[in-house]
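Given the structure is predicted, the values throughout are model-derived calculations rather than measurements.
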Amino acid sequence: MGKRIILDTDGGVDDALALILALRSPQFRVEAITVTYGNVSVEQASQNIQLLLRILHLEDPPPIALGARHPLKRARISAEHVHGQDGLGGITQWMTKEWYSEFKAPRELPDATQLLLRLAERYPGELTLITLGPLTNLAQMLEKAPSSRNLLKEVVIMGGALEVPGNITAAAEFNIFSDPHAAEQVFHCGLSLRLVPLDATRQVCLDRNTLYRLTRSMPSPLNEFVLHISQSVLDYMERTQGNAVLHLHDPLAVGVTLNPKIAAWKPLHVEVETQGIHTLGMTLADLRPLREELLPPPNLLAARDVDSKRFLRLFEEILCRRSS
Ligand code: RIB
Ligand code: CA
């Protein structure tokens, strides 16, 4: 039996790559996929995840549950400008109606918070939750049942920017900025947390040539899908940063859950700015060179240096493995 995990996703391009990595790794038992607003609306994200599961042809696909439509307090933002209008680089415009015939409408999907709680109670202390989007679903579960934090083994969070610039503002990373109040609640709830910030995820990326090599080395509908959905992010990065690379933010969160040794980890005390004008959503780590007893106690482990080659080898091996 593999490591029991739940994936919480906002349905974008790197989310799809992360789910492919998780769902094709025999070391994982994916108990559920919960969906949230974020890169796109929660409705669009739930359609994207159903499309992905259809393409993967899994014998025993995990249930998909519908989560938050908007942040706890702020107005919802999104990232279609990066991931494409549909969150998957526009690929859904090429899908025929038959593709969607069996998809469930969002309202027919189970509720994410209830499913999270049910699974946490069924597998006390066994479940690792990997969050790939805003933290609203987890925050709502903790609000609904505070004691549920004792039921989760660990939470691995893709989010934050500790000693590097943000990506949605100068100070903040998208997932945390989308719902800083949810992040603040999660960072202070006492759960065992691993944070995978931009400091780490910017160390692992694919350029166009590598992506073509990977997807052409083992031609399959899945690899065609990967190649197509990635173009919008590559184009966005080329247009805005002059460098067509795809940072594997969400896949790295899955990778370090598979093997924590892929990164070096540092216990840190991290706060989330929820009031700032220019710093809203900033994740501020207390990095002062003080004696340990003078620092606030750590509330998480933060991924620092990443063994990029080791991760990219793992990613390539699983992506290019012949479909079962
Ligand atoms: O900042 C990167 C994160 O925001 C990734 O999870 C990406 O998918 C978006 O959700
Ligand atoms: Ca994401």
Side-chain angles (χ1 to χ4, degrees), residues 1-68 83-84 86-112 114-116 118-119 127-133 137 158 215 218 220-230 248 250-251 253-255 257-258 315 318-324:
M1 170 60 76
K3 188 177 209 178
R4 291 188 199 278
I5 66 169
I6 293 175
L7 294 152
D8 189 62
T9 173
D10 59 337
V13 172
D14 61 324
D15 297 73
L17 299 180
L19 267 66
I20 291 168
L21 187 58
L23 291 160
R24 284 165 64 94
S25 296
Q27 298 92 323
F28 282 143
R29 164 81 188 158
V30 181
E31 296 293 347
I33 298 173
T34 53
V35 180
T36 175
Y37 73 89
N39 288 319
V40 289
S41 69
V42 68
E43 292 81 4
Q44 182 64 55
S46 68
Q47 175 170 304
N48 293 354
I49 302 310
Q50 292 184 75
L51 175 61
L52 178 63
L53 292 189
R54 172 84 189 275
I55 290 172
L56 282 169
H57 285 306
L58 299 173
E59 279 178 29
D60 177 22
I64 300 171
L66 195 72
H83 297 263
D86 63 359
L88 292 179
I91 197 168
T92 57
Q93 67 193 2
W94 304 326
M95 298 291 175
T96 61
K97 281 196 174 45
E98 290 66 50
W99 269 93
Y100 300 105
S101 56
E102 68 194 53
F103 289 3
K104 285 190 172 59
R107 65 181 176 282
E108 295 164 26
L109 294 173
D111 173 75
Q114 287 170 14
L115 184 59
L116 277 168
R118 201 161 61 244
L119 288 168
L127 277 171
T128 295
L129 173 64
I130 306 176
T131 65
L132 307 175
N137 284 343
M158 192 281 130
T215 52
M218 180 71 68
S220 68
L222 176 64
N223 283 342
E224 279 308 296
F225 172 83
V226 167
L227 189 60
H228 278 301
I229 68 171
S230 304
L248 297 171
D250 293 341
V254 170
T257 308
L258 263 174
F315 183 76
I318 291 176
L319 187 74
C320 298
R321 180 187 300 160
R322 187 169 299 285
S323 302
S324 49

Can you list every salt bridge (charged side-chain N to carboxylate O under 4.0 Å, His left out) pair that touches residues 31-48, not counting sequence neighbours? R4-E31, R29-E31, E43-R69
Pairs involving residues 97-107, ordered by first then second residue, that meet salt bridge (charged side-chain N to carboxylate O under 4.0 Å, His left out) (sequence neighbours left out):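 Pairs touching residues 97-107 that pass the test: R54-E102.
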side-chain hydrogen bond (donor to acceptor under 3.5 Å, both in side chains) against [X], all qualifying residues, sequence neighbours excluded:
X    : answer
N223 : none
Q47  : none
D14  : none

Contact check, side chains of [X] and [Y], non-hydrogen atoms, under 4.5 Å:
X    : Y    : answer
Y100 : T92  : yes
I20  : I318 : no
L23  : F28  : no
D86  : Q93  : no
L116 : T34  : yes
L52  : N48  : no
Y37  : D10  : no

Which pair of non-hydrogen atoms, one from [X] and one from [Y], has the smallest distance, and what is that distance?
X    : Y    : answer
G67  : A112 : CA-CB, 3.5 Å
V30  : A22  : CG2-O, 4.1 Å
A253 : L132 : CB-CD2, 4.0 Å
G255 : L21  : N-CD2, 4.2 Å
L88  : G11  : CD2-O, 4.1 Å

To the nearest 0.5 angstrom, please state how far the [atom1] atom of [X] sits from the [atom2] atom of [Y].
X    : Y    : atom1 : atom2 : value
T36  : L66  : OG1   : CG    : 9.0 Å
M158 : T9   : CE    : OG1   : 12.5 Å
I55  : S220 : CD1   : OG    : 10.0 Å
M95  : F225 : CE    : CZ    : 6.5 Å
L319 : T215 : CG    : OG1   : 8.0 Å
L115 : L119 : CG    : CG    : 4.5 Å

Testing L53, D250, I49 one by one against L19 for a side-chain contact (heavy atoms from CB on, under 4.5 Å), which residue passes?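 With L19 as partner, side-chain contact (heavy atoms from CB on, under 4.5 Å) holds for just one option, I49.
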Are any side-chain N or O atoms of D8 and backbone N or O atoms of N137, one a donor and one an acceptor, separated by less than 3.5 Å? no
Are the side chain of H83 and the backbone of V13 linked by a donor-acceptor contact shorter than 3.5 Å?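 Yes: the side chain of H83 pairs with the backbone of V13.
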Just jot down the side-chain contact (heavy atoms from CB on, under 4.5 Å) partners of T128, sequence neighbours excluded, or say none. K3, I5, I130, K153, E154, V156, T257
